[in-house]
Colleague: 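Before I ask anything, let me first share the structure, which is written out below as structure tokens.
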Number of protein chains: 2
Amino acid sequence: MNKDLYVALKSLNLKATPKRLAILDILVAESVYLAPEEVWRKMRKRFKSIGLPTIYRNLEDLANGGVLIKIIHPDRKLYYYLCANADHHHHFICINCKKVEDLSYCGAEEIEKEVKKNLKGRVISHLMQVFGLCKDCSVSRTIAT
Amino acid sequence: MNKDLYVALKSLNLKATPKRLAILDILVAESVYLAPEEVWRKMRKRFKSIGLPTIYRNLEDLANGGVLIKIIHPDRKLYYYLCANADHHHHFICINCKKVEDLSYCGAEEIEKEVKKNLKGRVISHLMQVFGLCKDCSVSRTIAT
DNA sequence: TCGTAAATAGAATTTATTTCTATTTAGATA
DNA sequence: TATCTAAATAGAAATAAATTCTATTTACGA
Ligand SMILES: [Zn+2]
Ligand SMILES: [Zn+2]
Ligand SMILES: [Zn+2]
Ligand SMILES: [Zn+2]
């Protein structure tokens, strides 16, 4: 189990329960975003008894603590993704295979400038997500179902 | 009633029913995004009998036809907004009064470049929304509840 | 080892959204 | 203008994601 994650849990005052660690373990192994129900299915292979509310609660707590990022998907369902990159950045999300890749580009400064100058408003946060087909998915024309 | 909207409905093969026109009328009058239920409440002042499914169906049809834009909100609820600006652009959303304002800035080209060059992927769409306090709301410290 | 706050299971619930069916209506056509 | 038909609607019912609740269990500091 990843040492950094252990430390992260500590600093969030979250106990290192077997279930919580397993959820993280599942997400670490994936480079795709997962719905709570998908995490649940994977968890059921490891635990004989595991409730869906436990999955929801943990994913949300971990996202609030910054350990996971929440994907704001056009389908409006919940998805979570464990991103190792701690700096501010955005993501390219493959809508076919659900792989997530980091983007370095972020227009925060330009946005800030425009909002301040033209709208006389104040930026609190910005959301940017790019959807598309990753390298593999745009080469093979096979679309996952 | 706005002539352009009439024409837009025609081109989408959507009938100009009183309810549909009233929904548009309500949205034209607002510079804020509205949830289906909020539109419904306003509609109930105009029609003695008006079903919520009618609201949902119309908002969705109009959004699919490009007449309305759907706000992808972090709270994952549905919101719609009638934006007069037909060109590609993004929005600044006031989290206090829910006012929506157009932004001219869009990093599409830079994103496109990075995804193509570094990730070898293909961009299908991008989502950008800026949240903050509009001019009025950042001046008056009164936060709506 | 013990005590306690945190975490969990499992059932029940909430609520936004969608589906279904019978009825009505807009708007084209004769 | 009267008629016709596909589109639109009402209202009830269903769906399903997400959350709440309560009793029980557990992690972990003292
Ligand atoms: Zn892919
Ligand atoms: Zn950014
Ligand atoms: Zn405002
Ligand atoms: Zn853009």
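Below, chain A is the first sequence line, B the second, and so on; all start at residue 1.
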Colleague: Taking only residues two or more places apart in sequence or in another chain, which ones pass salt bridge (charged side-chain N to carboxylate O under 4.0 Å, His left out) with B:Arg41?
Modeller: B:Glu37
Colleague: What is the distance, rounded to the nearest whole Å, between atom OH of A:Tyr80 and atom C1' of D:dA17?
Modeller: 12 Å
Colleague: Just jot down the side chain to side chain contact (heavy atoms under 4.5 Å, CB included) partners of B:Asn118, sequence neighbours excluded, or say none.
Modeller: B:Glu114
Colleague: Scan A:Leu52 against the nucleic acid and name what it touches under 4.0 Å (heavy atoms): base, sugar-phosphate only, or nothing.
Modeller: nothing
Colleague: Just the table, please: protein N/O against nucleotides 20-26 of chain C N/O, every pair under 3.5 Å.
Modeller:
unit_1: C:dA26; atom_1: N3; unit_2: B:Lys15; atom_2: NZ; d: 3.2

Colleague: Under 6.0 Å between ring centres, would you say that holds for B:Tyr33 and B:His91?
Modeller: no
Colleague: Counting only side-chain nitrogens and oxygens, does A:Arg76 get under 4.0 Å of the OP1 or OP2 atom of C:dT17?
Modeller: yes
Colleague: Starting from P on D:dA7, measure out to CG on B:Asn58 and report it in whole angstrom.
Modeller: 14 Å
Colleague: Please check this pair: side chain of B:Trp40 against backbone of B:Ile50, looking for a donor-acceptor N/O pair closer than 3.5 Å.
Modeller: yes
Colleague: Using atom types as modelled and distance alone, determine if a side-chain donor or acceptor of B:Arg20 lies under 3.5 Å from a backbone N or O of B:Asn58.
Modeller: no
Colleague: Within less than 4.0 Å of OP1 or OP2 of D:dA6, is there a side-chain N or O belonging to B:Asn13?
Modeller: no
Colleague: Nearest whole angstrom, please: distance from the P of D:dA16 to the CH2 of A:Trp40.
Modeller: 14 Å
Colleague: Any idea which of C:dA9, D:dA17, D:dT9 is nearest the A:Lys77 side chain?
Modeller: D:dA17
Colleague: Out of the candidates B:Lys77, B:Arg44, B:Lys98, B:Lys45, only one should pair with B:Glu38 under the salt bridge (charged side-chain N to carboxylate O under 4.0 Å, His left out) rule; please name it.
Modeller: B:Lys98
Colleague: Is the distance from OP1 or OP2 of C:dT8 to the nearest side-chain N or O of A:Arg57 less than 4.0 Å?
Modeller: yes
Colleague: Evaluate A:Lys99 against A:Cys137 for side chain to side chain contact (heavy atoms under 4.5 Å, CB included), listing each step before the verdict.
Modeller: CA-CA 10 Å; A:Lys99 183 160 61 196; A:Cys137 292; over 6 Å; no
Colleague: To the nearest 10°, give me the bend of the helix from C:dT1-D:dA30 to C:dA30-D:dT1, comparing the axes of its five terminal pairs at either end.
Modeller: 40°
Colleague: In residues 65-72 of chain B, what donor-acceptor pairs under 3.5 Å come from side-chain atoms, sequence neighbours left out?
Modeller:
unit_1: B:Lys70; atom_1: NZ; unit_2: B:Glu60; atom_2: OE1; d: 3.1
unit_1: B:Lys70; atom_1: NZ; unit_2: B:Glu60; atom_2: OE2; d: 3.1

Colleague: Would you please name every residue forming a salt bridge (charged side-chain N to carboxylate O under 4.0 Å, His left out) with B:Glu30, sequence neighbours left out?
Modeller: B:Lys42
Colleague: Can you tell me how far P of C:dG27 sits from CG of B:Leu14, to the nearest Å?
Modeller: 11 Å
Colleague: Report the distance from atom NZ of B:Lys19 to atom C1' of D:dA7, rounded to the nearest whole Å.
Modeller: 14 Å
Colleague: Taking atom C1' of D:dT9 as reference, at what distance in whole Å does atom OH of B:Tyr56 sit?
Modeller: 17 Å
Colleague: Taking atom P of C:dA9 as reference, at what distance in whole Å does atom CZ of A:Phe47 sit?
Modeller: 9 Å
Colleague: Write down the distance between CG (B:Leu78) and C1' (D:dA16), rounded to a whole number of angstrom.
Modeller: 15 Å
